[in-house]
Amino acid sequence: MKHGRKATNQHLVIYLNRADNAHPPRFGFVVAKTVGSAVQRNLVKRRSRAAIRERLSNFQLGDSLVIRALPGLADLSWNEFTQELDESLNKLVASGSESR
RNA sequence: UGGGUCGGCUAGACGGUCGCGGUAGUUGUAAAACUAACGAGGAACGUCCGGGCUCCAAAGAGCGCAGUGGUGGGUAACACCCACUCGGUGUGAACCGCAAGAAAGUGCAACAGAGAGUAGACCGCCACGCAAGUGGUAAGGCUGAAACGGUGGUGUAAGAGACCACCAGCGUUCUAGGCAACUAGGGCGGCUAGGUAAACCUCACUGGGAGCAAGGUCGAACAGAAGGCGUUUUAGGGCUGCUCGCCCAAGUCUUCGGGUAGACCGCUUGACGGCAGUGGUAACACUGUCGCUAGAUAGAUGGCCGUCACCGAAAGGGACAGAACCCGGCGUAUCGGCCGACCCUCCAA
RNA sequence: GCCCUCGUAGCUCAGUGGAUAGAGCAGUGGUUUCCUAAACCAUGUGCGGAAGUUCGAUUCUUCUCGGGGGCA
């Protein structure tokens, strides 16, 4: 992800790299131990997967996305989580289309 | 009525929809698709003990080291569990206890105090002496966590287990009960033998080492260099603190550098769970019958909607916590809910 | 998953059954100086937590909390 762009939020850091490859979109989740216990980390990963699945149509071939979770994310509700995620994604997509 | 003790169970339920994991079946050359039933816990946690399993040739001996520590039983085993004994706490139901040995030996006890361990003599008491002091004594005072039996009497110059009575404690022995720990009672002895073993130690019993990243099969990739010790007179290794014994052995060890990090087996049917019966006070065991109940490999349980229960006046809320080879325990965390047995107290009879 | 280690002052470390736990640096106040630094004097701050053994625990034992490291 050295060539990607980054968007930071209060509880999220998102990296996006758009390449011209033909591979399907790839997603990675980084949940460190600082986020919480094993139960809380699992919850964050599952919610991230569910949220990305709902937004699959927003991505193109060749995209690579990494979501890094920060401490405090596990205490959010589902609605707060998706709101932060959408904000960050919109920022990334908007800046990407401008530069091209 | 109020308060409490112990034991057990549970950890929201049902449905719709979009998804995930392995398994079975069908289709398909294959990739994959479809269908079906399953899919985290009471602690999955901490990793504090004990085992199974695997490898170390087999798992040998002695010393050392470590662990356990009332008795009997349960168990594959245990530091766990059950029953009992002893000691302590509580009005009680009950609870707590690393609960062997201090006359085998060594050590330790600061400060205070006269004295802290084969006792001792500061004040005191008594005798002698004009006095200084000398001798006797340990009842009383003081210090301390702890001071060498207690009470009463006899006795004495004053006193003292010096002697006596009772009591407490010790050793030894006998009787009765109990598998035993131990309990009850009697005789004899000597008159007191202190504390600490989670200090060294002694006694009894137990323990070989490593761990599923164990271990095995297949496949992929790469590049060697320097040095040490050896090649039948035994280097090095298994082996871990030492010694012995045994085995492997022609290579092996150290440092630097380079490469790989994929697949499969191990892997889930087990000291397994439910029910019934029998034995046992119980822990538990045996017999019969029924059942199959996660198996991932960056790690599968989430999102949305509805109904009904719980808490709350409502808004709203719902604990602790996520399997990674598997079991048996222990310890710790936990919003709550339910059931049973028992104790104290209040009222009534 | 398994194994091994370490917690003492703000920091780096000593210590070890005995009263009031030390050393260096840092901090605060003062002396000196026209002012600052240096120097000198004074001073505050602690044994990760809870039980137990002991007359007495930082030390011994058990449980627990937190940190660090290793493995094919």
Side-chain angles (χ1 to χ4, degrees):
Chain A
M1 301 307 289
K2 279 180 185 171
H3 306 291
R5 283 181 306 281
K6 184 173 81 170
T8 313
N9 220 335
Q10 195 183 351
H11 300 107
L12 286 172
V13 181
I14 300 184
Y15 305 87
L16 177 66
N17 184 25
R18 294 207 141 146
D20 295 328
N21 299 337
H23 66 71
R26 301 183 299 182
F27 304 94
F29 307 99
V30 180
V31 185
K33 274 195 176 174
T34 50
V35 171
S37 64
V39 173
Q40 290 173 314
R41 296 200 300 273
N42 272 340
L43 181 69
V44 167
K45 281 187 272 187
R46 286 166 184 157
R47 278 179 166 175
S48 304
R49 275 193 217 112
I52 290 297
R53 187 170 289 117
E54 290 176 358
R55 290 159 181 75
L56 263 182
S57 56
N58 301 347
F59 298 99
Q60 320 160 357
L61 287 182
D63 282 0
S64 295
L65 185 83
V66 170
I67 294 179
R68 187 149 67 88
L70 298 180
L73 184 62
D75 298 327
L76 300 185
S77 69
W78 167 255
N79 288 332
E80 291 169 319
F81 170 65
T82 50
Q83 193 179 338
E84 282 205 17
L85 183 67
D86 286 335
E87 277 177 26
S88 300
L89 285 177
N90 289 336
K91 249 190 274 179
L92 278 179
V93 171
S95 65
S97 57
E98 276 173 15
S99 68
R100 298 212 173 195

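In what follows, chains carry the letters A, B, and so on, assigned in the order in which the sequence lines appear, proteins first and then strands, with residues in each chain numbered from 1. Nothing here was measured: the structure is a model prediction, and the numbers come from that model.
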*Rounded to whole angstrom, note down the C1' distance from B/rA44 over to B/rG16.*
31 Å

*Just jot down the side-chain hydrogen bond (donor to acceptor under 3.5 Å, both in side chains) partners of A/Asn42, sequence neighbours excluded, or say none.*
none

*Any side-chain heavy-atom pair of A/Arg55 and A/Thr82 under 4.5 Å*: yes

*Compare all side-chain heavy atoms of A/Phe81 with those of A/Ser48 and state whether any distance is below 4.5 angstrom.*
yes

_Side chain A/Arg46 and base B/rG19 donor-acceptor under 3.5 Å_ = no

_Separation between the P atoms of B/rA315 and B/rC338, rounded to whole Å_ = 24 Å

*Whole-Å distance between B/rC305 P and A/Asn79 CG?*
8 Å

*Pick the C1' atom in B/rA93 and in B/rU5, then give their distance to the nearest Å.*
6 Å

*Can you tell me the distance, in whole Å, between the CG atom of A/Leu43 and the C1' atom of B/rC20?*
15 Å

*In whole angstrom, what separates A/Arg41's CZ from B/rA298's C1'?*
12 Å

*Flag yes if A/Trp78 and A/Ile52 sit in one hydrophobic cluster, no otherwise; membership is Ile, Leu, Val, Met, Phe, Trp, Tyr, and two members link when side-chain heavy atoms are under 4.5 Å apart.*
yes

*Is the glycosidic angle of B/rU268 within 90° of 0, making it syn, or outside that range, making it anti?*
syn

*Scan A/Leu85, A/Val44, A/Leu73 and name whichever one has a side-chain contact (heavy atoms from CB on, under 4.5 Å) with A/His11.*
A/Leu73

*Should B/rA100 form a Watson-Crick or G-U wobble pair with both distances under 3.5 Å, which nucleotide is its partner?*
B/rU202

*Can you tell me the Watson-Crick or wobble partner of B/rU240, both distances under 3.5 angstrom?*
none

*Does one hydrophobic cluster hold both A/Val31 and A/Val39, with members joined at side-chain heavy-atom distances below 4.5 Å?*
no

*asked:* Rounded to whole Å, how long is the line connecting atom CZ of A/Phe81 with atom P of B/rC304?
replied: 12 Å

*Interatomic distance, A/Glu54 CD vs B/rG19 C1' [rounded to whole Å]*: 10 Å

*Reckon A/Arg47 has a side-chain N or O less than 4.0 Å from the OP1 or OP2 of B/rG303?*
yes

*Syn or anti for B/rA40 (syn when the glycosidic angle lies within 90° of 0)*: syn

*Under 4.0 angstrom, heavy atoms only, what part of the nucleic acid is A/Arg49 near: base, sugar-phosphate, or nothing?*
sugar-phosphate

*Give none if B/rA225 has no partner; otherwise give the nucleotide forming a Watson-Crick or G-U wobble pair with it, both distances under 3.5 Å.*
B/rU255

*With the 4.5 Å side-chain cut-off for hydrophobic clustering, are A/Leu43 and A/Phe27 part of the same group?*
no

*Chi class for B/rG136: syn within 90° of 0, otherwise anti*: anti

_Within 90° of 0 counts as syn, otherwise anti: where does B/rG161 fall?_
syn

_Pairing nucleotide - B/rU35, Watson-Crick or G-U, each distance under 3.5 Å_ = B/rA24

*On a whole-Å scale, what distance lies between the C1' atoms belonging to B/rU332 and B/rC48?*
11 Å

*What interatomic distance, in whole Å, is found between C1' of C/rG66 and the corresponding atom of C/rU8?*
16 Å

*Rounded to whole angstrom, note down the C1' distance from B/rA110 over to C/rG56.*
9 Å

*asked:* What's the gap between B/rC212 and B/rU297 when it is taken at their C1' atoms, as a whole Å value?
replied: 14 Å

*Identity of whatever pairs with B/rC142 - Watson-Crick or G-U, under 3.5 angstrom*: none

*Where does B/rU173 land, syn or anti, once you apply the within-90°-of-0 test for syn?*
anti

*Quick one: closest heavy-atom pair of A/Phe59 and A/Leu65, and the distance?*
CZ-CD2, 4.2 Å

*asked:* Both distances below 3.5 Å, Watson-Crick or wobble geometry, any strand: find the nucleotide opposite B/rG12.
replied: B/rC308

*What does C/rA72 pair with, Watson-Crick or G-U, if both distances are under 3.5 Å?*
none

*Given the P atoms of B/rA324 and B/rA210, what is the spacing between them in whole Å?*
23 Å

_Quick check for you: among B/rC20, B/rA300, B/rA321, whose closest atom lies nearest to any side-chain atom of A/Val39?_
B/rA321

*Using whole Å, report how far CD of A/Gln40 lies from P of B/rG322.*
9 Å

*Tell me: CD of A/Gln83 to C1' of B/rG303, nearest whole Å?*
17 Å

*Is there a Watson-Crick or G-U wobble partner for C/rC63 with both distances under 3.5 Å, and which nucleotide is it?*
C/rG49

_For a quick test of reading the model: is some side-chain N or O of A/Trp78 closer than 4.0 Å to OP1 or OP2 of B/rG302?_
no

_Separation of B/rC304 P from A/Arg53 CZ (nearest whole Å)_ = 14 Å

